[in-house]
Amino acid sequence: MDFSLSSDQKMMIETVRRFIDEELQPLESKVEDAGELDLEAAKAIHSKAISLGLYAMNMPENLGGAGLSNFDRILCEEQFGRTSDILIRRAFGNVYEPLLHCKGEQIERWLKPTVAGTRTCSIAITEPGAGSDAAGIKTRAEKNGKGWILNGSKHFISDGLWSDFFLVSAKTGEKDISMFMVDKGLAGFTVGKDQKMMGLRGTPHIELFFDNVQLEDAALLGEAGQGFKLAMGALNVVRLAQVGARAVGKSSHVLEMMIDYANQRQQFNTKIGDFQMVQQQIADSVIEVNAARWMAYHAAWMLDQGLDAREQIAMVKVYAAETLGRVVDRAVQIFGGMGFCKELSIERYYRDARIYRIFDGTSEIHRGVIAKSTLKKGAVLFDVNR
Ligand SMILES: Cc1cc2nc3c(=O)[nH]c(=O)nc-3n(C[C@H](O)[C@H](O)[C@H](O)COP(=O)(O)OP(=O)(O)OC[C@H]3O[C@@H](n4cnc5c(N)ncnc54)[C@H](O)[C@@H]3O)c2cc1C
């Protein structure tokens with residue numbers, strides 16, 4: 001394992017970071033105050049990022065993406081953690097890996113426009129009665145002469161107001177689950193309310209209802225009955241990147257703010273950073289952020305070697321998300337009243353951090369995955385050559 005960065009990687013990080021600092025961070029407080037990203041601003045950052053080649057960087061070059069390795073992607077995602085969710089979505093895109101299973105006409109209709117940024121996709125798996133138990137969904141698709149008839153509902157679907165189509169999981173047999181690409185505007189498909197959240201202001205999370213929606217055969221992604229496997233496999237890398245690496249980036253960013261504040265805030269005629277109890281909070285944060293970062297790099301390196309990194313990604317998901325929670329909590333403490341005050345961004349980071357332990361599989365679900373593998377395979381779990 002060699003994690004030294006090439007000059008190309010350094011330049012990539014620098015370009016992404018500059019775009020975030022100059023184009024996105026200035027919009028953060030407006031999004032926070034308005035609760036949404038202004039349409040004109042959304043279009044402006046979207047087209048500027050596309051023109052700079054920063055959109056859909058996770059997609060292969062032959063489709064118009066940047067063809068990043070998993071490790072390079074993690075380096076970018078760490079930077080994405082330095083700004084708000086909705087700004088990342090509009091500027092850099094959120095092109096889900098399962099779409100790479102598109103074949104034939106699906107490539108021109110759904111995959112390529114999504115990579116180009118002319119269409120946007122959300123992923124719709126969760127239902128009011130099926131969250132952690134993603135296989136317990138009630139949404140069903142029945143085969144008919146014209147394709148499939150879809151019935152059911154989803155909720156908490158991120159960015160669903162903006163999206164043009166949805167990657168929807170549905171039962172196609174007693175236990176079989178398939179994935180379908182469902183376009184907004186089809187008869188019987190309605191978008192419900194925006195479910196207001198504690199954080200992630202600006203990103204809508206919506207309900208979807210399907211009432212006898214007629215889907216074409218071409219809407220089926222991959223093979224019938226293989227949808228669950230397909231989605232879960234492809235979403236593993238999404239979990240590492242969009243949750244693990246972003247949590248590392250957010251923790252790092254907050255840590256930088258803590259350090260600056262501890263170096264300049266004076267009480268009792270001395271910098272608060274001189275107090276050992278403040279130093280301990282900084283030291284613990286540095287240790288944990290670096291540990292989470294190396295875990296994420298290691299898991300990405302494993303994926304790039306073609307190794308099975310499922311358990312490692314589960315570990316990153318738990319550790320990076322929980323590190324973020326601890327770091328933002330310490331940040332509020334070190335900033336004192338200003339940490340709780342909306343004049344600074346610390347309170348926003350505190351609210352936004354909480355979801356990292358819940359979405360993309362809760363900490364409890366991932367701990368279960370790690371424990372079961374460890375009990376079955378023992379110490380081999382930690383052998384990268386397995
Ligand atoms: C802001 C936000 C954005 C989201 N975006 C999307 C999206 O774009 N698309 C999408 O499909 N979904 C999305 N989700 C859904 C998200 O993935 C689920 O909320 C998550 O998987 C947990 O499911 P749940 O909320 O139903 O909780 P539940 O599954 O009801 O869990 C409740 C509690 O029980 C615990 N629990 C459940 N099962 C077990 C078990 N076997 N062992 C131990 N503990 C257990 C959980 O850990 C948790 O603490 C989003 C959710 C939020 C809040």
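Atoms within a ligand are numbered from 1 in the order they appear, just like the ligands themselves. All values derive from a computational prediction rather than experimental measurement.
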Margin query: Under 3.5 Å between any N/O of Thr126 and any N/O of ligand 1: does that happen in this structure?
Written below: yes
Check: What do you reckon, does Ser158 have a nitrogen or oxygen under 3.5 Å from a nitrogen or oxygen of ligand 1?
Finding: yes
Check: Can a salt bridge be assigned to the pair Arg351 and Glu32 using a cut-off of 4.0 Å between side-chain N and carboxylate O?
Finding: yes
Checklist line | atom 46 (C) of ligand 1: the protein heavy-atom neighbour that sits closest, reported with distance to 0.1 Å | finding: Thr362 OG1, 3.7 Å
Next item on the list: Output yes when a protein non-hydrogen atom is found under 4.0 Å of atom 33 (C) of ligand 1, and no otherwise.
Entry: no
Next item on the list: Inspect the contact between Arg90 and Asp159 and indicate whether a charged nitrogen and a carboxylate oxygen are less than 4.0 angstrom apart.
Entry: yes
Notebook entry, point to check: Would you say Tyr96 and ligand 1 have an N/O pair spaced under 3.5 Å apart?
Noted result: no
Margin query: Residue-level breakdown please: for Thr203 versus ligand 1, do any non-hydrogen atoms fall below 4.0 Å on the side chain, on the backbone, on both, or on neither?
Written below: neither
Notebook entry, point to check: Any idea which protein heavy atom is nearest atom 24 (P) of ligand 1, and the distance to it?
Noted result: Gly131 CA, 3.9 Å
Check: Can you check whether Ile123 has an N/O within less than 3.5 Å of an N/O in ligand 1?
Finding: yes
Checklist line | Within-cut-off N or O pair, Phe156 and ligand 1, under 3.5 Å | finding: yes
Note to self: I'd like to know if the side chain of Thr120 pairs up with that of Arg89 as donor and acceptor (distance under 3.5 Å, no hydrogens or angles considered).
What the structure shows: no
Notebook entry, point to check: For residues 312-349, which residue pairs qualify under ring pair (Phe, Tyr, Trp, His ring centres under 6.0 Å), counting only residues two or more places apart or in two chains?
Noted result: His253-Tyr349, Tyr261-Phe335
Margin query: Under 4.0 Å, heavy-atom basis, I'd like to know which part of Ile125 is in contact with ligand 1: side chain, backbone, both or neither.
Written below: both
Next item on the list: Determine, counting only non-hydrogen atoms of the protein, whether one lies under 4.0 angstrom from atom 30 (O) of ligand 1.
Entry: no
Note to self: Can you check atom 38 (N) of ligand 1: any protein non-hydrogen atom closer than 4.0 Å?
What the structure shows: yes
Notebook entry, point to check: Should Lys48 and Glu22 count as an ion pair when the cut-off is N to O under 4.0 Å?
Noted result: no
Next item on the list: For atom 49 (O) of ligand 1, grab the closest protein heavy atom and report residue, atom and distance to one decimal in Å.
Entry: Glu364 OE1, 3.6 Å
Next item on the list: Check the side chains of Asn290 and Arg293 for a donor-acceptor pair under 3.5 angstrom, ignoring hydrogens and angles.
Entry: yes
Notebook entry, point to check: Going by distance only, is there an N or O of Met197 that falls short of 3.5 Å from an N or O of ligand 1?
Noted result: no
Checklist line | Qualifying salt bridge (Lys or Arg N to Asp or Glu O under 4.0 Å) pairs with a residue from residues 125-142, counting only residues at least two apart or across chains | finding: Glu127-Lys154, Arg140-Glu142
Next item on the list: Decide yes or no on ring-ring contact (aromatic ring centres under 6.0 Å, His included) for Phe166 and Phe189, but give the supporting numbers first.
Entry: CA-CA 11 Å; Phe166 298 82; Phe189 177 10; 5.6 Å; yes
Item checked: Nearest-neighbour protein heavy atom for atom 17 (O) of ligand 1, which is reported as residue plus atom name and distance -> Asp360 N, 3.7 Å
Next item on the list: Under 4.0 Å from a heavy atom of Ile355: give me the atoms of ligand 1 that qualify, with their elements.
Entry: 1 (C), 52 (C), 53 (C)
Checklist line | Side-chain touch Val254/Tyr350, heavy atoms, less than 4.5 angstrom | finding: no
Notebook entry, point to check: In terms of ring plane angle, is the pair Trp294 and Phe3 parallel, tilted or perpendicular, where the classes change at 30° and 60°?
Noted result: parallel
Next item on the list: Answer side chain, backbone, both or neither: which part of His205 comes under 4.0 Å from ligand 1, heavy atoms only.
Entry: side chain
Check: What is the minimum heavy-atom distance between Ile313 and Asn236, and which atoms define it?
Finding: CG2-O, 3.6 Å
Next item on the list: Scan side-chain atoms only and decide if Glu77 and Asn58 contain a donor-acceptor pair under the 3.5 Å cut-off.
Entry: no
Checklist line | Heteroatom distance test (Ser132, ligand 1): nitrogen or oxygen, under 3.5 angstrom | finding: yes
Next item on the list: Have a look at Asp133, Ile365, Ile358 and point out the one with the heavy atom closest to atom 20 (C) of ligand 1.
Entry: Ile358
